[in-house]
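Report on the structure given below.
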Amino acid sequence: MVNRDAFARVNYEVPGLGEDEVAGSPLAQFAHWLDEAVAAEVKEPNAMALATSGPAGPAVRVVLAKAVAADGVVFYTNLESAKAAEIRHDPRVALNFAWLPLHRQVRMTGTAAPVSRREVQAYFDTRPRGARIAAWASPQSRALTGRDQLDGLVHSAGARFPDDPVPVPDHWGGYRVTVSAIEFWQGQPSRLHDRLVFRARRPGAALDDAEAWEITRLAP
Ligand SMILES: Cc1cc2nc3c(=O)[nH]c(=O)nc-3n(C[C@H](O)[C@H](O)[C@H](O)COP(=O)(O)O)c2cc1C
């Protein structure tokens, strides 16, 4: 039996999000809410669900956004993982930042494209050594015979690169999601939530360009 307390109803008694107070650009609004998530000590506020669609259907998992800027949202991963194969199949993706202690979510749809190898290298070099070795060691999304096999792969990768710098594996990289729509969702009492969606007026609109987006309110 699952714990029934987990299903307790939460009423969202917090200020709403009105057209008169939302920022002019999606990036400014995202930055404002992200600041508030940090201030509220939301754990890993850069964590986002990433939805993809592959030949076998949809899939969703959490990844960490490493940049949110005018040109999109960047995350890093194994380029031979299930998600990477799905993105190659269909580069259209959806993202969801859920800041539940604030009764907020930010939903995005867009298109993922690989970031340059130069950018991957610059980010890879900032990772702790353990994470750089893990990028070599872990055949992400593939079956393992047991934890021992993973430990062995980590050991071998560490022995292969005993000294820094550790090169970036060819099978590891990042994606930038060019956003075409971004919705700011604020929970409100009686399930009458505020939903303001910015839709790009043209493909590739910069997230910091207030003129490039049309704002629509959606029913909750
Ligand atoms: C909080 C959190 C952060 C994560 N961040 C990443 C990430 O940045 N990159 C990544 O490849 N996987 C990350 N993962 C693991 C993914 O959710 C997933 O298990 C992994 O990428 C394999 O997904 P796939 O088989 O669909 O490709 C994270 C998981 C959690 C819970």
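Residue numbers run from 1 in the order of the sequence given. Read the numbers this way: they start at 1 and go in the same order the structure lists the ligands and their atoms. The figures that follow rest on heavy atoms only: side chains count, while hydrogens, waters and symmetry mates do not.
The protein heavy atom nearest to atom 6 (C) of ligand 1 is V63 CA, 3.5 Å. In this structure, the protein non-hydrogen atom closest to atom 18 (C) of ligand 1 is R61 CG, 3.9 Å. Nearest protein heavy-atom neighbour of atom 24 (P) of ligand 1: S141 OG, 3.5 Å.
In this structure, R107 forms no cation-pi arrangement with W185, as its terminal cationic atom is not both closer than 6.0 Å to the ring centre and no more than 45° off the ring axis.
Of the candidates V62, V60, T77, L64, it is L64 that places a heavy atom closest to atom 8 (O) of ligand 1. The nearest non-hydrogen atom to atom 23 (O) of ligand 1, considering only E44, E80, K66, K83, comes from K83.
Protein heavy atoms are found less than 4.0 angstrom from atom 27 (O) of ligand 1.
Shown here is E13, whose CD atom has more than 12 heavy atoms of other residues, nucleotides or ligands within 6.0 Å.
Near S81, the atoms of ligand 1 lying under 4.0 angstrom from a non-hydrogen atom of the residue are 27 (O). Ligand-side atoms of ligand 1 in range of Q140: 10 (C), 11 (O), 12 (N), 20 (C), 21 (O), 22 (C), range being under 4.0 angstrom from any heavy atom. Annotation for ligand 1: atoms under 4.0 Å from non-hydrogen atoms of Y76 are 7 (C), 8 (O), 9 (N), 10 (C), 11 (O).
Residue F75 places every heavy atom at 4.0 Å or more from ligand 1.
When hydrophobic side chains of Ile, Leu, Val, Met, Phe, Trp and Tyr are connected at separations under 4.5 Å, V2 ends up clustered with F7.
Ion pair R92/E86 not flagged as a salt bridge, since none of the NZ, NE, NH1 or NH2 atoms sits closer than 4.0 Å to an Asp/Glu carboxylate oxygen. Ion pair E214/R201 flagged as a salt bridge, since at least one NZ, NE, NH1 or NH2 atom sits closer than 4.0 Å to an Asp/Glu carboxylate oxygen.
Between W213 and F184, the ring center distance fails the sub-6.0 Å criterion.
Among pairs with a residue in residues 104-124, those fulfilling ring pair (Phe, Tyr, Trp, His ring centres under 6.0 Å) read Y76-Y123, F124-W172, at least two apart in sequence or across chains.
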